[in-house]
Protein chains: 2
Amino acid sequence: MATIRDVAKAAGVSVATVSRVINKNEYVNKETEQKVIVAMQELHYEPSSLARGLAGKKMNTIALMIPDISNPFFPGLARGVEDVAQQYDFNVFLCNSDDLAYKEKSYLEILRKKSIDGLIIISNNVNEEELEPLRMANIPVVLLDRPFNEQNYSVVRSNNRNGAIMAVEHLLAIGCKKIAHIAGPEKFVTARERRLGYEGIVSQYSWYTPSLIEHANFDIEGGKQAVTKLVANNTDIDGIFAGNDLMALGALKQLIKLGKNVPDDIALCGFDGISLTELTQPEITTIQQPIYEMGAAAALTLIKKLKGEITETKIQELDVKLIIRGSTEKGKKLPLAT
Amino acid sequence: MATIRDVAKAAGVSVATVSRVINKNEYVNKETEQKVIVAMQELHYEPSSLARGLAGKKMNTIALMIPDISNPFFPGLARGVEDVAQQYDFNVFLCNSDDLAYKEKSYLEILRKKSIDGLIIISNNVNEEELEPLRMANIPVVLLDRPFNEQNYSVVRSNNRNGAIMAVEHLLAIGCKKIAHIAGPEKFVTARERRLGYEGIVSQYSWYTPSLIEHANFDIEGGKQAVTKLVANNTDIDGIFAGNDLMALGALKQLIKLGKNVPDDIALCGFDGISLTELTQPEITTIQQPIYEMGAAAALTLIKKLKGEITETKIQELDVKLIIRGSTEKGKKLPLAT
DNA sequence: TTGAAAGCGTTACCAC
DNA sequence: GTGGTAACGCTTTCAA
């Protein structure tokens, strides 16, 4: 590997000059610049990121900390992040935390040691204090999807509460008379916001009782279990708003197993817009978050901060969208699955 | 951030000594060691990876180059890779190539500049020549899933041909009399191997004709299109072996749309074992690859190479497994979806 | 506009 | 066992 010295020698100039043409900051004589460029090409010179980093430059590396890339919600986000990063010549470290505080902490340390430039994080655990070392090290952080604090950090999230309202209103619009909600764990801001959206609407109705809310884990199994309980406790439910798509998927499975017709007996609406909801029979109506765009927006915000193009912290709340599919199209004839 | 100098000063020893206790290679007096350790803790000293890297040490960073993290096949692999990496204190760069040669090339350059220690790659494009620079730089490479060369690189893959044979034999065993195959693009080794496995079995039968093989893209749309053609050209097909699960998913959708009963009219078997196949109605029988384990094995191999615990290149061929589900359980009464 | 040289925080070699 | 110090490859300040 050729070094900057080799280039300098080959071009007959000083190391400093070569550095100047690499960084394009200071003025360099056009002719000298050409000589240097030629020398760089001939030697296939590639600056060492390490050395630049040590000398105080950015590494063009960010980290993306998510609970679990194998959860279908995250790959889209990750792709959005990585695409933008790629576009701006950044690389991204993938960090799976499993939403475990100790893994997150351990990563935060490592990332500092490795001189990453910035962090995009999705976490329920992390707080001001844990991020303090990054603040000290001047490493900007963007909170994605689940902000714990919207004052001191840039945040990218979607409008969960509105989405929930849209979901419930849609179920009402198609004629549902008693709508249950499968809520995610309360430790998720997103779960809380969606529950609040649901409650905001249904609490005006006389049929509403708190037992229409069933909490469950944000996964398929959670959806199944919740449905079982819900159906046992409330014989006349005719609509379910699931707090995320995975739970909706589980709910659908279980409803079919229990012999319920979806949507005619019970209509179902999910939240997230992951592609799995298009594969079921019937397909699942859902509140679509702009997942990819959220990742992309987070990455863009972070990179602009790193480049100094943004200094203030800002909140980006992206809009969600109701996607109507078979699971709420009552009375429509669907092709049989078996 | 405290540096090694600060620690040395605080402990009243030389920088070299501190370095020694950090690296635990050479002998250091127990007492001095203690002093140093105490000093490190008091100053919250954390060695800079950059500096270590510049000085010739490994960065404990590997790259994972895959086509697209949002393709459901890859997150499991990525998770396997990252888990093992995490366990050995490595970080992983996520690189989405979209299977595009120019993106791959660009990444290969960047990775070299950034002094990554090793690479795990899934690619149809990359070849000996393109990886030469890494070889020169002494950066080990592990080929995952789609080896282009099994001589000079360590390879982790699964037994595609066997899997295909298992799939076809299963379809025969449940009574299928005419089995078609939706094959992936020929540029994928995996697609070719599966097709060969299929042909190996069916070519012995009198009903076999090459028109039973339909090529399509490895995605849902591909599966749909292939089914349309297949059904149009071969009215008496009663079994389909899809070259991967995404195609099987599309195939199922289209079969239902065409009014076919799966499995009674046409049985269906996929390949990969991604979790989506459990969500459909009926659930899809598939040949399950140990996806997570493949990622984990690749990472383990790479890291062992980096640690010098392995020197030779080796091939790991993991076994696949037939998972029987509704799409091949003929005559079994399934709950209705609508 | 350019060059010399002092860092950046480690490691590793050579002395003692 | 331990210390001194060149070297890793670059950026940046200071002079010229």
Side-chain angles (χ1 to χ4, degrees), chain A residues 1-37 39-40 43-61 109-117 137-139, chain B residues 1-37 39-40 43-61 89 109-110 112-117 137-139:
Chain A
M1 201 66 284
T3 78
I4 200 175
R5 270 187 163 73
D6 302 327
V7 175
K9 196 154 296 176
V13 299
S14 76
V15 167
T17 300
V18 177
S19 176
R20 286 188 186 102
V21 350
I22 293 173
N23 294 292
K24 316 179 199 292
N25 307 326
E26 296 173 60
Y27 278 104
V28 176
N29 183 310
K30 274 292 169 204
E31 290 178 27
T32 0
E33 183 177 9
Q34 265 313 310
K35 281 193 300 186
V36 170
I37 291 179
M40 293 202 298
L43 298 178
H44 300 294
Y45 169 70
E46 290 174 0
S48 149
S49 286
L50 255 53
R52 309 189 81 201
L54 229 208
K57 291 289 215 187
K58 298 245 168 294
M59 289 294 287
N60 273 30
T61 297
E109 268 181 36
I110 295 175
L111 295 176
R112 225 147 31 98
K113 285 199 222 183
K114 294 224 174 152
S115 314
I116 55 137
D117 304 318
N138 217 336
I139 298 175
Chain B
M1 199 68 282
T3 78
I4 199 174
R5 269 183 161 74
D6 303 325
V7 175
K9 197 155 297 177
V13 299
S14 77
V15 167
T17 299
V18 177
S19 178
R20 285 189 186 98
V21 351
I22 293 173
N23 294 291
K24 316 181 199 292
N25 308 323
E26 297 172 59
Y27 278 103
V28 176
N29 183 310
K30 275 291 169 205
E31 290 178 26
T32 358
E33 184 177 7
Q34 265 313 312
K35 280 193 299 184
V36 171
I37 290 178
M40 293 201 297
L43 298 178
H44 300 294
Y45 168 70
E46 290 174 1
S48 149
S49 287
L50 255 53
R52 309 189 82 201
L54 229 208
K57 291 289 213 187
K58 297 247 168 290
M59 289 293 288
N60 275 28
T61 297
D89 263 323
E109 269 181 36
I110 294 175
R112 227 148 29 100
K113 286 200 224 183
K114 294 223 175 151
S115 314
I116 55 136
D117 303 320
N138 219 337
I139 298 175

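Per chain, numbering begins at 1; letters A, B, ... match sequence-line order. Atoms considered below: every heavy atom in the structure, side chains included; atoms not considered: hydrogens, waters and symmetry mates. These figures come from a predicted structure and were not determined experimentally.
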DNA chain D: 5'-most and 3'-most nucleotides touching chain B, 4.0 angstrom heavy-atom criterion: dG1(D) to dG9(D)
Side-chain donor-acceptor distances from residues 13-29 of chain A under 3.5 Å, at least two apart:
from   : atom 1 : to     : atom 2 : distance (Å)
S14(A) : OG     : A16(A) : N      : 3.4
S14(A) : OG     : T17(A) : N      : 3.1
S14(A) : OG     : T17(A) : OG1    : 3.1
S19(A) : OG     : N23(A) : ND2    : 3.3
R20(A) : NE     : E26(A) : OE1    : 3.2
N23(A) : OD1    : R52(A) : NH2    : 2.4
N23(A) : ND2    : S19(A) : O      : 2.8
N29(A) : OD1    : E31(A) : N      : 2.7

Ion pair E109(B)/R112(B), N-O distance below 4.0 Å: no
Nucleotides 8-16 of chain C: protein proximity per nucleotide (B base, S sugar-phosphate only, - neither; heavy atom, under 4.0 Å): BBBBBB---
T3(A) OG1 to E46(A) CD distance, which is reported to the nearest 0.5 Å: 13.0 Å
Atom pair NZ (K35(A)) and NZ (K30(A)), whose distance is rounded to the nearest 0.5 Å: 14.5 Å
Minimum heavy-atom distance between I4(B) and Y45(B), given as atom pair plus value: N-CE1, 3.5 Å
For the student: nearest non-hydrogen atoms of S115(B) and M59(B), plus distance: O-CG, 3.4 Å
K114(A)-T61(B) side chain donor-acceptor pair, cut-off 3.5 Å: yes
